[in-house]
**Student:** 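Please read through the structure below; I'll follow up with questions.
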Amino acid sequence: MAYRRPLLRTAYEQDAAILPTWFQRVAFFLLVFTFGLAALGAPFLSGIPSFFLGNTWINPITNMLPLGIAALGFMILVGVTGQVSIGHAFFMGVGAYVAVSLGGTGDGGWKACVPFHDEVGLLETAGQCGMGLPMWIWLPAAGIGATLMGILVSPAAVKVRGLYLAIATIGLIFIGLHLGRMLPEYAGDFESGRKWPKLQFKFWQEETPLVDMTSDGKWFGLIHLTEEQKQFFFLFTLLLIFGVITKNIVRSRTGRALQAIRDRDIAAEVMGVPEFKYKLIGFAISSFYAGIGGALFASYNGRVAPIQWSLFLSVDFIAILLIGGAGTIAGTMLGLIFVELTPEVVKKFTEWLGDQVGGGGLVGWFADVLLTQGPGDFGPISLTPAAPGWPMSVFLWNFVIFGVLIVVFMIFEPQGLYGIWVRIRNYWKGWPFSY
Amino acid sequence: MEDLLLLAQASASTTFIQTLIKALALGSVYIMMGLGFVIIFKGTQVLNFAASALSMAGAMFMSILIADGGIPFLPFDNPLAPGDGETAGIPLWLLTIAITMVLAALFGLVIERLAIRPMIGQPLFAMAVITLGVEIAIRPFNIDATALEGRSLGVPWGAESWSLGDALVPKSYVAAIIMALIAGAIVIVFYRSRFGVAMRAVAFDQEAAMAQGINVARVFQIAWALGVALAALAGIAYGMAPFPPGGSVSQEIHPVLAFRVLPVIVLGGLDSVLGVLFGGFAIALAEVFAGQYLSQYGSTLGPGYSTIVPYVVMLIVLVVRPFGLFGTPEIRRV
């Protein structure tokens, strides 16, 4: 057997396969099964300390899944098409608002869903727009609504390139925030938001849903699951489906056209890839993902304020892409896990440190130095959440860590976590040669 | 609120004058901020998304120096600070601004050395993302330090204003305009100097500039020091009384200041000093006049609609001229 060269392809089918090597196939299915079984709390995995069990970890992990769908869309736009957009949160917001106007419960009736329906000064009293339609309508509609918005802005976005595009899409974010403040009948109160439709399948507006994801109980008469586990499985399945769709887009004719545009737009056009058409397709696809992701994110969280669809959500996606490794699905998922779970890990670690204070030994000393207990102690981390002033709360420290991580990754590992993996893989596969 | 009532009672021409002065003052703040952007972009090809956090940090330095009587990062008292309950005289206040700008410049040098210098020669977008990371890392400290009520900048004239006929002209607005004029003049002179030429050479082609004997690292340092100092100046000017009603470094307006200036530099073109001077006034005029003269449609347009006027202008300009009005078009080759 010849040495297994990394990236050596001996047949065209390998180049086009979803999972080209046996290792990737095995790893993928192992990963999916581990996640699934761990979420079920399978007995033979309970040795792994209640990682997914209870409410402590399953919530942040489930919360990450809708963002994963949106991140895949962002990957298609930035990683595959090469159009750097900072407006992804705006399209997520559009999707979420479409979802809530179609699926939410509103007291304003149909009239509230027509913007500017009242005379000056009555918007506050207009009631909220919500038609109470089931999920099989509002979820696709969220994607389609965001897609239409993406197509609407793309004539401008296609013309503008590079940093100017990034700045223009920042403009979208601020316009979106303003719309959220200006149209309370869709967005709800600017500070506290409104209730999003629940994650449940109904045929129409009947009382008992076909598939319920908002209470504990038996699923399909087969297996007893808690509410969190049901939501996890639903969103996890959706993420898997969107992952496969993404892979199929990337490896198809459309994906090759998008990559040609990323690599050199003029050259692509010379070769017969219409630039405008494919940039528009790139924007449309990414907005569709964003819309679905935004609707599911809001729906999972139950209540989302308009301020949520801000610049920082978009920066989250940039960080996911860069820390994970631009242009690959596996990298995007790695980045997603890293970016979304690091704050949770830091929070848990601080809580754990809080228990170690005064415990003696190296850990106790460390906890003493890091944490502030009462006045006169100058540890940088404060355990009381909202108190302003020098010892900062873990919440704020998480932002600092996030920013520093972006800088550190950009400087030391521009290829991201996926790049680290590729280096390790190539080392083992190429051994004893260096590449 | 009082401001609004006064405007409501005033005659049309008085309203116009007051709106014009406000627009010029806001434009001056935009210009100072925009000059910071352009200097950094021209010298280093970095779009400084961290400008908001840096500008707010600069204003915080000022607040620490003059209101707390301390020295940023150091456990000493500021010997120049006025005593408790007193406000500084104008010369002392101006001196403190100068000291603050020096501190901000040093801060900019530190940022440049740690985050930007390792990235020389990397793609534009990578550099821009680095600055986004810097923004996110510095911002929590600003937010934490300003708490909720904001921090005083010890402005000697507080919220006083001169009256010009019936119109009220806040002293802070005039001060902001003067600051911007001085900053603009200094930057223009700086660009004509030998060093400005070196800076433009580096922006044009780093390797070729290096081959001509230009110290590229020095150009990066100066650009960042100057850019951050200007951002701090803009932050201070924007903290004077009528901008935020109380006259303070405020959690409401300072953290997004630089993002409001993005339309200005897009309108003018990322690499054009004259473009900033033009764009700053144009955007501020559009914003303030829309805020004043469309206010009867306020409930349809939504509260605070004037703040998104710049972005709408920016999007329209970008569709018509993708490189701004004065920017250098990118030459596209296959």
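Side-chain atoms are counted along with the backbone in the values below, which use heavy atoms only and exclude waters and symmetry mates. In what follows, chains are A, B, ... by sequence order, proteins preceding strands, each numbered from 1.
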**Student:** Is it the side chain or the backbone of A/Ile406 that comes within 4.5 Å of chain B heavy atoms, both, or neither?
**Tutor:**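 Only the side chain of A/Ile406 comes within 4.5 Å of chain B.
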
**Student:** Would the number of heavy atoms belonging to other residues, nucleotides or ligands and lying under 6.0 Å from CD of A/Glu269 be above 12?
**Tutor:**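 More than 12 within 6.0 Å, yes.
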
**Student:** Calculate, to the nearest 0.5 Å, the distance between atoms OH and CE belonging to B/Tyr305 and A/Met182 respectively.
**Tutor:**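 The distance works out to 11.5 Å.
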
**Student:** State, with a plain yes or no, whether a side-chain heavy atom of B/Leu315 is found less than 4.5 Å away from one of A/Ile175.
**Tutor:**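 Yes, side chains in contact.
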
**Student:** Closest heavy-atom contact between B/Val319 and A/Ala156?
**Tutor:**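 Of all heavy-atom pairs spanning B/Val319 and A/Ala156, the closest is CG2-CB, 3.4 Å.
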
**Student:** Give a yes or no on this: more than 12 heavy atoms of other residues, nucleotides or ligands lie within 6.0 Å of atom CZ of A/Phe276.
**Tutor:**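 Enclosed.
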
**Student:** Would you name the heavy atoms of B/Pro322 and A/Lys159 that are closest together and state the gap between them?
**Tutor:**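 Closest heavy-atom pair between B/Pro322 and A/Lys159: CB-O, 3.8 Å.
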
**Student:** Which value, rounded to the nearest 0.5 Å, describes the distance between A/Phe399 atom CZ and B/Ile143 atom CD1?
**Tutor:**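 The distance works out to 9.0 Å.
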
**Student:** Output the distance between atom CG (A/Leu179) and atom CD1 (B/Ile308), rounded to the nearest 0.5 Å.
**Tutor:**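 So the gap between those two atoms works out to 6.5 Å.
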
**Student:** Which atoms form the tightest heavy-atom contact between B/Ala128 and A/Leu163, and what is the distance?
**Tutor:**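 That would be CB-CD2, 4.0 Å.
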
**Student:** Under 30°, 30 to 60°, or over 60°: which ring-plane class applies to B/Tyr311 and A/Phe174, parallel, tilted or perpendicular?
**Tutor:**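 Rings of B/Tyr311 and A/Phe174: parallel, under 30°.
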
**Student:** Rounded to the nearest 0.5 Å, how far apart are CD1 of A/Ile167 and CE of B/Met314?
**Tutor:**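 The CE atom of B/Met314 is 7.0 Å from CD1 of A/Ile167, to the nearest 0.5 Å.
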
**Student:** Is there a side-chain contact between B/Phe141 and A/Val400 in this structure, where contact means two heavy atoms from C-beta onward sitting under 4.5 Å apart?
**Tutor:**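 Sidechains of A/Val400 and B/Phe141: in contact.
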
**Student:** Would you compute the distance between atom CZ of A/Phe312 and atom CD of B/Glu135 and round it to the nearest 0.5 angstrom?
**Tutor:**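 Between A/Phe312 CZ and B/Glu135 CD, I get 5.5 Å after rounding to 0.5 Å.
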
**Student:** Under a 4.5 Å heavy-atom cut-off, does chain A meet the side chain of B/Leu114, its backbone, both or neither?
**Tutor:**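 Just the backbone, heavy atoms under 4.5 Å.
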
**Student:** Is any side-chain heavy atom of A/Leu311 closer than 4.5 Å to a side-chain heavy atom of B/Val256?
**Tutor:**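 Heavy-atom side-chain distance check fails, nothing below 4.5 Å.
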
**Student:** Measure distances from A/Ile401 to the heavy atoms of chain B and classify the residue's part below 4.5 Å as side chain, backbone, both or neither.
**Tutor:**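 For A/Ile401, there is no contact with chain B at all, as no heavy atom is under 4.5 Å.
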
**Student:** Side chain from CB out, backbone as N, CA, C, O: work out which of these in A/Val404 comes under 4.5 Å of a heavy atom of chain B, or both, or neither.
**Tutor:**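 For A/Val404, backbone and side chain are both near chain B.
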
**Student:** Please look at B/Arg321 and chain A and tell me whether the side chain, the backbone, both or neither of the residue comes under 4.5 angstrom of a heavy atom of that chain.
**Tutor:**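 For B/Arg321, neither part sits under 4.5 Å from chain A.
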
**Student:** Do you know which two heavy atoms are closest between B/Asp144 and A/Met392, and how far apart they sit?
**Tutor:**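 That closest heavy-atom pairing would be OD2-CG, 3.1 Å.
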
**Student:** Nearest 0.5 Å please: distance from the CD1 atom of B/Ile130 over to the CD1 atom of A/Ile411.
**Tutor:**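 The CD1 atom of A/Ile411 is 4.0 Å from CD1 of B/Ile130, to the nearest 0.5 Å.
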
**Student:** Is it the side chain or the backbone of A/Val407 that comes within 4.5 Å of chain B heavy atoms, both, or neither?
**Tutor:**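 Both the backbone and the side chain of A/Val407 come within 4.5 Å of chain B.
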
